[in-house]
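Values below: every heavy atom of this structure, side chains too, minus hydrogens, waters and symmetry copies.
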Amino acid sequence: MNARHFALAALLIALPSTALSQTANPLTANAKIQFGALSGFVVRSAEKVPEDLYSFRATPEVRSMGELFGHVADAMFSMCSTAAGSKAPRTGIEKSVTTKPALVAALKEGVSYCNSVYDAMTDQKGAETVPFYFGQTPRLSVLYFVVTHTYEHYGNLVTYMRLKNIVPPSSEAKPGQ
């Protein structure tokens, strides 16, 4: 068994058996679930952070909060279009969009675009390769990388919010708790 088989086996074990029996494309469905949860945290963060903190940087060398939101939106468009095999419908958000309303809208648009790519994906199509940062990469791996990349920058945003005494969406009390 090679590394790819081990990774696939680990993923299948992690999926609830009912989810596997209820969908013809369990790998794609799981990727979309992960993307949905995480992109929801990022959008809620963008909505929750006051606009005057969008220029906040933890240190002078790193992206501001607003730049992070723009960077995540750019990455969603870029990576999801790569997985789809098409041209990114939008670019340059990090460098050109600065207001809270426009960045929240760009994130929502990026999420919507990615969701359309997930909706058109199947496990079979997801196994096809496309050119990516690491060479030829399965389409579904590109979609999982969108999740990984977004997690990375959500971690930055969590730190920034904590520095400003804002509870990140992933740490908020759930209804009924």
Side-chain angles (χ1 to χ4, degrees), residues 3-16 18-20 22-49 62-63 65 67-91 93-94 103-161 168-172 174:
R4 193 165 122 186
H5 290 119
F6 277 114
L8 179 59
L11 178 60
L12 290 174
I13 290 167
L15 288 172
T18 55
L20 290 173
Q22 294 176 357
T23 180
N25 297 293
L27 299 175
T28 303
N30 185 264
K32 185 175 181 184
I33 288 167
Q34 290 185 39
F35 176 75
L38 184 59
S39 62
F41 290 149
V42 173
V43 169
R44 285 174 36 213
S45 296
E47 292 171 336
K48 187 174 190 176
V49 171
V62 298
R63 288 180 172 105
M65 286 179 115
E67 289 167 339
L68 280 169
F69 291 130
H71 176 73
V72 169
D74 276 333
M76 287 178 184
F77 283 111
S78 174
M79 291 182 213
C80 287
S81 66
T82 296
S86 61
K87 185 178 182 218
R90 192 159 176 199
T91 62
I93 298 164
E94 178 182 354
L103 283 165
V104 170
L107 280 167
K108 288 179 177 180
E109 188 181 339
V111 170
S112 178
Y113 175 71
C114 282
N115 279 327
S116 73
V117 173
Y118 280 103
D119 290 344
M121 192 62 60
T122 64
D123 289 0
Q124 182 176 355
K125 184 177 177 181
E128 297 170 359
T129 62
V130 292
F132 195 52
Y133 303 123
F134 316 108
Q136 288 297 117
T137 304
R139 293 175 191 274
L140 197 50
S141 293
V142 175
L143 290 176
Y144 270 108
F145 193 79
V146 174
V147 174
T148 302
H149 178 266
T150 307
Y151 263 119
E152 174 185 1
H153 291 300
Y154 180 62
N156 299 137
L157 291 164
V158 165
T159 300
Y160 286 23
M161 286 185 278
S170 55
S171 296
E172 292 173 337
K174 308 293 181 261

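- Atom OG1 of Thr150 sits about 4.5 Å away from atom CE of Met76, to the nearest 0.5 Å.
- When only modelled atom types and interatomic distance are considered, Tyr113 and Ser81 share no side-chain donor-acceptor pair under 3.5 Å.
- Across Pro131 and Thr82, no two heavy atoms sit closer than the pair O-CG2, 3.4 Å.
- For the atom pair CZ of Phe132 and OG of Ser141, the computed distance is 9.0 Å after rounding to the nearest 0.5 Å.
- In this structure, CG on Leu157 lies 10.5 Å from OG on Ser170, to the nearest 0.5 angstrom.
- Using a 4.5 Å heavy-atom cutoff, the side chains of Gln34 and Tyr144 are in contact.
- Taking every heavy atom of both residues into account, Phe77 and Pro89 meet most closely at CD2-CG, 3.6 Å.
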Evaluate side-chain contact (heavy atoms from CB on, under 4.5 Å) for Arg63 paired with Asn156, printing each intermediate quantity in order.
CA-CA 9 Å; Arg63 288 180 172 105; Asn156 299 137; over 6 Å; no
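- Note that OG of Ser78 is 9.0 Å distant from NE2 of His149, once rounded to the nearest 0.5 Å.
- Summarising the geometry of Phe145 relative to Met79, their closest heavy-atom pair is CD2-SD, 3.5 Å, with the distance given to 0.1 Å.
- Side-chain atoms of Val146 and Cys80, non-hydrogen and from C-beta on, do get closer than 4.5 Å to each other.
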For side-chain hydrogen bond (donor to acceptor under 3.5 Å, both in side chains), just list the numbers for Asn25 and Tyr118, CA-CA rounded to whole Å, side-chain angles, deciding distance to a tenth of an Å, and then say yes or no.
CA-CA 11 Å; Asn25 297 293; Tyr118 280 103; over 6 Å; no
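- Taken to the nearest 0.5 Å, the CG atom of Leu68 stands 10.5 Å off from the CG atom of Leu103.
- Summarising the geometry, atom CD belonging to Glu67 is positioned 11.5 Å from atom CG belonging to Asp74; distances are rounded to the nearest 0.5 Å.
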Table please: side-chain donor-acceptor pairs of residues 35-45 below 3.5 Å, with sequence neighbours left out.
residue, atom, partner, partner atom, Å
Ser39, OG, Phe35, O, 2.7
Ser39, OG, Gly36, O, 3.4
Arg44, NH2, Pro169, O, 3.3
Arg44, NH2, Glu172, OE1, 2.8
Ser45, OG, Phe41, O, 2.8

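- A pairwise comparison of heavy atoms in Val158 and Pro168 identifies CG1-CG, 3.7 Å as the closest pair.
- Within the structure, the salt bridge (Lys or Arg N to Asp or Glu O under 4.0 Å) test picks out the following pairs touching residues 104-115 (sequence neighbours left out): Glu47-Lys108, Arg90-Glu109.
- Each salt bridge (Lys or Arg N to Asp or Glu O under 4.0 Å) pair with one or both residues in residues 112-128, not counting sequence neighbours, appears once here: Lys32-Asp119, Glu128-Arg139.
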